[in-house]
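To start, the structure itself, in structure tokens.
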Amino acid sequence: MIVTRVVKLLPTAEQASALAATLRACNAACRLVSEAAYAGAVFDRNGVHHLTYRRVREECGLGAQAAVRCVKKTVDAYTALHARAEVGLLGKEGSAWRIKALAKPIVFGQWSAQPFDDRMLTWRHEARVVSIWTVSGRLKGVAFTGEPGQVKEIAEHRRGELDLVYRDGMWFLYAAVELPEARLNTEPTGFLGVDLGIVNIATTSDGAVMAGRGLNRYRKRQQDLRANLQAKGSKSAKRLLKKRRRRESRHATDVNHCISKRIVAEAQRTGRGIALEDLRGIRERARFRKPQRATLHSWAFHQLGEYTVYKARRAGVPVVHVSPAYTSQECAECHHVDKRNRPSQAVFECRSCGVVAHADHNSSRVIAQRGEDAWTAGRESRVPAPA
């Protein structure tokens with residue numbers, strides 16, 4: 001299983017200046033590569049390399065390996081863009097959003113993350129320093145620090161290239177590590193359905209409700225504070241805005257970690273799998289009034305799903321994704337589907353069998369049933385072949 005681990009660099013002033021110059025030069029090279037690739041409609045790695053490699057070396061002053069990384073970074077960005085368009089995440093064919101996204105070259109900001117491979121960066125874990133290539137020469141004693149468990153995982157399980165990131169005046173290295181997975185439970189006793197939402201962040205088919213009331217109040221306070229500080233416009237207000245940036249995101253991330261850990265622990269304890277809704281593209285499909293848009297786009301359902309999946313893989317818990325269609329309107333008892341089954345956000349009343357239930361709990365039970373059906377349908381048959 002591949003996960004990301006982070007360490008913080010502690011460069012001196014001279015080292016930080018060299019790292020900044022390197023990041024700016026690499027992103028300038030990526031912009032050059034992007035414009036050339038877009039103008040020539042060449043997006044495969046070999047084609048882009050032959051088209052731009054020499055120019056990158058000569059015009060941007062990069063080393064050979066750095067030039068190769070910049071070409072790959074740009075090609076990967078176009079591959080991701082075209083993949084998003086192909087599966088409809090940029091709107092339908094001919095839509096204004098899709099046309100706008102594909103009508104110009106990809107732009108890289110001067111502080112965009114830059115990939116480094118083992119030829120450009122080496123670790124000395126015993127001394128807690130790295131040696132890193134820069135446009136000013138190789139820096140051989142850049143100190144780093146991090147959470148001990150993550151540093152140990154990087155030392156023992158790191159795979160592939162890593163990213164140099166500059167954020168909020170600090171330098172970080174994001175490394176991919178391949179962690180061992182527990183043996184998958186191929187015979188789950190059932191599935192724990194999880195309904196994801198805004199009012200209730202997660203509701204399980206066991207009836208556990210992880211309410212979003214506290215997080216939503218926190219988001220509202222942060223939104224009001226940002227609005228007041230932005231309206232004030234003073235130097236101290238701008239300084240406080242800068243100090244508080246990403247605080248809301250960090251808080252939401254911590255909440256998602258705690259919820260996903262609780263869900264996986266319960267599934268592992270009871271020998272069950274986990275069933276989640278496949279909510280990809282919901283922001284593009286959903287239509288909300290303006291006051292509701294900030295709430296929708298602050299909903300970190302994808303992050304919660306990703307955390308649940310990777311924790312489940314480490315614990316050997318199977319996870320299936322099911323269609324979210326009509327889960328809020330289907331009765332978990334008789335499976336009757338009717339939009340009138342939801343008279344309010346919190347209440348479910350089946351028009352067929354008359355059952356009354358908590359709406360999110362009913363949805364999570366439907367998801368659990370769909371998860372079990374999907375697992376059974378995809379499982380290899382144990383029936384002996386006819387003689």
Side-chain angles (χ1 to χ4, degrees), residues 4-38 45-46 48-78 105-147 150-151 153-155 158-177 242-243 245-246:
T4 302
R5 295 294 181 248
V6 184
V7 297
K8 180 181 178 181
L9 295 180
L10 304 172
T12 64
E14 294 79 7
Q15 291 171 340
S17 178
L19 291 174
T22 301
L23 211 52
R24 288 195 294 266
C26 288
N27 283 304
C30 290
R31 289 193 293 271
L32 183 155
V33 174
S34 177
E35 291 169 2
Y38 185 84
R45 186 172 176 184
N46 288 336
V48 175
H49 179 91
H50 290 303
L51 183 65
T52 61
Y53 174 77
R54 193 171 298 278
R55 286 187 60 192
V56 169
R57 294 291 309 276
E58 294 173 354
E59 297 179 26
C60 301
L62 299 186
Q65 200 61 22
V68 170
R69 292 300 100 198
C70 288
V71 169
K72 183 178 184 298
K73 172 183 170 180
T74 307
V75 170
D76 288 347
Y78 274 109
I106 293 176
V107 177
F108 296 88
Q110 65 173 342
W111 300 116
S112 296
Q114 176 62 26
F116 281 68
D117 60 21
D118 288 343
R119 295 184 183 183
M120 302 170 65
L121 187 146
T122 54
W123 299 79
R124 289 180 55 202
H125 287 280
E126 67 285 351
R128 286 292 180 95
V129 296
V130 296
S131 170
I132 184 169
W133 173 90
T134 71
V135 291
S136 303
R138 197 166 186 95
L139 304 179
K140 295 188 177 181
V142 183
F144 69 85
T145 187
E147 193 275 321
Q150 295 202 13
V151 172
E153 288 175 350
I154 291 174
R158 187 180 63 82
R159 295 292 183 272
E161 61 188 29
L162 47 87
D163 288 340
L164 175 66
V165 176
Y166 178 72
R167 188 179 68 234
D168 299 337
M170 296 176 287
W171 293 93
F172 300 92
L173 290 175
Y174 281 61
V177 299
K242 184 175 181 181
K243 179 181 178 181
R245 66 184 303 200
R246 306 183 196 279

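In this chain, residues are counted from 1 in sequence order.
With respect to the salt-bridge test (charged N to carboxylate O, under 4.0 angstrom), the residues Arg69 and Asp76 do not qualify.
Shortest non-hydrogen contact noted between Cys70 and Leu62 is SG-CD1, 3.7 Å. Contact between Tyr38 and Tyr78 at its shortest, heavy atoms only, is CB-OH, 3.6 Å. Here the shortest heavy-atom pairing between Ser34 and Pro105 reads OG-CB, 3.7 Å. Residues Ala25 and Val135 share a closest heavy-atom pair of CB-CG1, 4.0 Å. Nearest heavy-atom pair, Leu139 versus Ala18, reported as atom, atom and distance to 0.1 Å: CD1-CB, 4.0 Å. Across all non-hydrogen atoms, the minimal contact from Ala29 to Val56 is CB-CG1, 3.9 Å.
Within the 4.5 Å cutoff, the side chain of Val177 has no heavy atoms near those of the Arg159 side chain. Side-chain contact between Val130 and Leu9 is present, with at least one heavy-atom pair separated by less than 4.5 Å. Contact annotation: the side chain of Asp118 approaches that of Arg158 to within less than 4.5 Å [non-hydrogen atoms, C-beta and beyond]. Considering only heavy atoms from C-beta on, Leu162 comes within 4.5 Å of Trp123 through its side chain. In this structure the side chain of Ile132 reaches within 4.5 angstrom of the side chain of Phe116, judged on heavy atoms. Under the 4.5 Å side-chain criterion, counting only non-hydrogen atoms from C-beta, Phe144 is not in contact with Leu173. Here the side chains of Val71 and Val48 are in contact, with some heavy-atom distance below 4.5 Å. Between His49 and Lys72, every side-chain heavy-atom pair lies at or beyond the 4.5 Å cut-off.
Annotation: Arg119, atom CZ; neighbour count of heavy atoms from other residues, nucleotides and ligands within 6.0 Å does not exceed 12.
Not counting sequence neighbours, Phe172 has no partner by the ring-ring contact (aromatic ring centres under 6.0 Å, His included) test. For Arg124, there are no side-chain hydrogen bond (donor to acceptor under 3.5 Å, both in side chains) partners, not counting sequence neighbours. By the salt bridge (Lys or Arg N to Asp or Glu O under 4.0 Å) test, Arg128 is found to be paired with no residue, residues two or more places apart in sequence or in another chain being considered. Under the rule for a side chain to side chain contact (heavy atoms under 4.5 Å, CB included), the partners of Gln150 that lie at least two apart in sequence or sit in another chain are Arg5, Val6, Glu147. A search for side-chain hydrogen bond (donor to acceptor under 3.5 Å, both in side chains) contacts involving Lys73 returns Asn27, Gln114, not counting sequence neighbours.
Interatomic distance, Thr74 OG1 to Arg45 CZ, rounded to the nearest 0.5 Å: 11.0 Å. Taking OG from Ser112 and CG from Leu164, the interatomic distance works out to 11.5 Å, rounded to the nearest 0.5 Å. Atom CD of Gln110 sits about 8.5 Å away from atom CG of Leu23, to the nearest 0.5 Å.
Ring geometry for Trp171 versus Trp111: interplanar angle over 60°, hence perpendicular rather than tilted (30 to 60°).
Screening residues 10-35 for salt bridge (Lys or Arg N to Asp or Glu O under 4.0 Å), with sequence neighbours left out, gives no hits.
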- Message: Pair Val142, Ser131 - check side-chain contact (heavy atoms from CB on, under 4.5 Å), show working.
- Response: CA-CA 6 Å; Val142 183; Ser131 170; over 6 Å; no
